[in-house]
Protein chains: 2
Amino acid sequence: MKKELETVEQYLKGRDFRLTQPRRKIIEAVFATHDHFTADELRAMLSQKGEKVSTATVYRTLSLLCDGGFVEALDLDRGQLHYEHVLGHKNHFHLICSDSGKVIEFRSPSAEKTIRRIARARGFEVNSISLRVFGRGRACK
Amino acid sequence: MKKELETVEQYLKGRDFRLTQPRRKIIEAVFATHDHFTADELRAMLSQKGEKVSTATVYRTLSLLCDGGFVEALDLDRGQLHYEHVLGHKNHFHLICSDSGKVIEFRSPSAEKTIRRIARARGFEVNSISLRVFGRGRACK
DNA sequence: ATATTTGCAAATTCTTTGCAACTTA
DNA sequence: TAAGTTGCAAAGAATTTGCAAATAT
């Protein structure tokens, strides 16, 4: 709850992490898009705006943001990880089209509730739920 | 339905694939365990029984078995893929303990039904559902 | 000032591939 | 014996890491 309101800046400040130039750029780009992106795509977005940040820093910052709960890592396909910020879209799931690679988000409080209930019944303290539906979208040909 | 009954041998025969010595060993090991394993763990299991199979062949055969629907690949953690055979436990989901790494399987026809309905409503022809619940198991300390 | 962070390039890790030798049907 | 398969070692792809130089507090 407090966490929800914590800004990235506050988060960094609270742990002796520094708000550097590269981090600022990355954070800005991460929150500027509502799409999923890979580490490399993010670097490309930045590069396109004339902002150069090294791959290593992109990875390091993304992982920092994941730890802070600002960003989530998704395994949409094998290969590279995809990321997305968790700003106003927590707890959603993904439909992934194997043809187009397109990803659609959806929510299902009822399915989620059921899943949490089952997990709890097994003595599991749920941390996060990853639900990916692979298939073919009629629309996205 | 017919598929359910098809043996690996029949599958191979039907497509000019050969039932070789290495494949036989791998298939045997895959169905001998009801646990998840990585390509390397499988190679280790074989090696422990004095059966040497190259990593390349393990990967190739595992991917063959996945194509045939006999084995499923799971992304339990980032890093290496985990596999499991689909013999009598289709359509189950996973609870993954971040502490112990232990994996518990569970089923939820109701959640599954809900998920499929939503997917279909979005014009999605569902191919497979991957549901992973990450958390901490009280039991597996 | 001084501890953190960056960028680079090298290192890792997992998986795939090319190809000559070897099996299987 | 013709076509599929293997093993090896090299290639790939994605991510991580060591370290000296740069930067934030």
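The sequence lines fix the lettering, A, B, ..., with proteins before strands; numbering per chain opens at 1.
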State, to 0.1 Å, how close [X] and [Y] come at their nearest heavy-atom pair, and which atoms those are.
X: L42(B); Y: I26(B); value: CD2-CG2, 3.8 Å
X: T33(B); Y: H85(B); value: O-CE1, 3.0 Å
X: A73(A); Y: C66(A); value: N-SG, 4.1 Å
X: L87(B); Y: H34(B); value: O-CE1, 4.4 Å

| query | Does the side chain of N91(B) pick up a donor-acceptor pair with the side chain of E112(B) at under 3.5 Å? | reply |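 On atom types as modelled, these side chains qualify, holding a pair under 3.5 Å.
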
| Given atom CZ of R15(A) and atom P of dT5(C), what is their separation to the nearest angstrom? |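 Taking CZ of R15(A) and P of dT5(C), I get 12 Å after rounding.
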
| message | Using heavy-atom distances to pick each residue's nearest nucleotide on DNA chain D, tell me which of T55(B) and A56(A) is more 5'. | response |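 It is T55(B), whose closest nucleotide lies nearer the 5' terminus.
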
| Side-chain N or O of Y59(B) closer than 4.0 Å to phosphate OP1/OP2 of dT15(C) | yes

| query | Are any of the side-chain heavy atoms of R24(A) and I27(A) separated by less than 4.5 Å? | reply | no

| Does some side-chain heavy atom of Q21(B) sit less than 4.5 Å from a side-chain heavy atom of V53(B)? | no

Between side-chain atoms of residues 119-133 of chain A and protein atoms elsewhere (two or more places apart, or another chain), which donor-acceptor pairs fall under 3.5 Å?
residue: R122(A); atom: NH1; partner: E105(B); partner atom: O; Å: 3.3
residue: S130(A); atom: OG; partner: R132(B); partner atom: NE; Å: 3.4
residue: S130(A); atom: OG; partner: R132(B); partner atom: NH2; Å: 2.6
residue: R132(A); atom: NE; partner: S130(B); partner atom: OG; Å: 3.4
residue: R132(A); atom: NH1; partner: D75(A); partner atom: O; Å: 2.6
residue: R132(A); atom: NH2; partner: S130(B); partner atom: OG; Å: 2.7

| field | 5' to 3' contact window, DNA chain D with chain B (heavy-atom distance under 4.0 Å) | value |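 That gives a stretch of dA3(D) to dT15(D).
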
| Between Y83(B) and L64(A), which has a closest nucleotide on DNA chain C that is more 5'? |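 Final value for this comparison: L64(A).
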
Atom pairs under 3.5 Å, N or O on each side, protein against nucleotides 19-25 of chain C: can you list them with distances?
residue: dT24(C); atom: O2; partner: R18(B); partner atom: NH1; Å: 2.3

| query | For D16(A), which contact category applies under a 4.0 Å heavy-atom criterion: base, sugar-phosphate, or nothing? | reply |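 Sugar-phosphate contact only.
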
